[in-house]
Amino acid sequence: QVQLVESGGGLVQAGGSLRLSCAASGLTFSRYAMGWFRQAPGKEREFVAAISRSGGTTSYADSVKGRFTISRDNAKNTVYLQMNSLKPEDTAVYSCAASDSSLVPTTTRRYYYWGQGTQVTVSS
């Protein structure tokens with residue numbers, strides 16, 4: 001079955017960096033657009049970033065543009081999220097997701113497979 005497993009979360013001070021990874025199995029990775037979403041306590045899940053099947057197109061939420069970078073390695077079936085200049089408001093559970101769209105979807109309903117998530121906590 002399809003599995004998406006995130007790693008790389010943790011506790012970091014404001015201004016610091018983290019790199020999240022999401023390893024996929026059970027699917028033909030290169031046929032799926034990949035996205036990162038996050039959910040803070042008491043809030044709705046929100047879009048963070050997405051990348052097309054080939055990696056040639058990316059999309060970012062305005063709140064992370066210029067600070068976060070999404071990338072993928074189709075040979076390793078892995079998608080990454082490099083997070084720099086972290087802020088306390090970035091604190092959330094970060095989840096990766098897979099979509100068979102040929103574009104870079106930014107809404108949760110376009111994603112079929114989801115990982116369990118990894119906690120990111122940014123202290124002030």
Show every disulfide (SG to SG under 2.5 Å) that has at least one partner inside [range], sequence neighbours left out.
range: residues 52-124; value: Cys22-Cys96
range: residues 35-64; value: none
range: residues 50-93; value: none

Between [X] (side chain only) and [Y] (backbone N and O only), is there a donor and an acceptor less than 3.5 Å apart?
X: Arg67; Y: Ser63; value: yes
X: Glu6; Y: Gly117; value: yes
X: Ser52; Y: Thr57; value: yes
X: Arg53; Y: Ser30; value: no
X: Thr91; Y: Val122; value: yes

Distance from [X] atom [atom1] to [Y] atom [atom2], nearest 0.5 Å?
X: Thr107; Y: Phe37; atom1: OG1; atom2: CZ; answer: 6.5 Å
X: Gln116; Y: Leu4; atom1: CD; atom2: CG; answer: 10.0 Å
X: Thr108; Y: Arg45; atom1: OG1; atom2: CZ; answer: 7.0 Å
X: Glu44; Y: Arg38; atom1: CD; atom2: CZ; answer: 14.0 Å
X: Thr58; Y: Lys65; atom1: OG1; atom2: NZ; answer: 9.5 Å
X: Asp62; Y: Phe47; atom1: CG; atom2: CZ; answer: 10.0 Å

Would you be so kind as to tabulate the donor-acceptor pairs closer than 3.5 Å made by side chains of residues 10-21, with sequence neighbours excluded?
from	atom 1	to	atom 2	distance (Å)
Ser17	OG	Asn84	OD1	2.9

Does [X] share a hydrophobic cluster with [Y], counting links as ILVMFWY side-chain heavy atoms below 4.5 Å and allowing steps through other members?
X: Ile70; Y: Tyr32; answer: yes
X: Val79; Y: Met83; answer: yes
X: Val2; Y: Trp36; answer: yes
X: Leu86; Y: Val48; answer: yes
X: Ile51; Y: Val5; answer: no

### Query
Quick one: does Tyr111's side chain get under 4.5 Å of Pro105's, heavy atoms only?
yes

### Message
When you compare the side chain of Gln82 with that of Ser71, does any pair of heavy atoms fall below 4.5 Å?
### Response
no

### Smallest separation among heavy atoms of Ser124 and Pro88, with atom names
CB-CG, 3.8 Å

### Message
Give me the atom names and distance for the closest heavy-atom approach of Val104 to Ser59.
### Response
CG2-CB, 4.1 Å

#### Entry: Qualifying salt bridge (Lys or Arg N to Asp or Glu O under 4.0 Å) pairs, either residue in residues 71-82, two or more places apart
none

### Task
If a pair satisfies ring pair (Phe, Tyr, Trp, His ring centres under 6.0 Å) and one of its residues is in residues 60-85, list it, with sequence neighbours excluded.
none

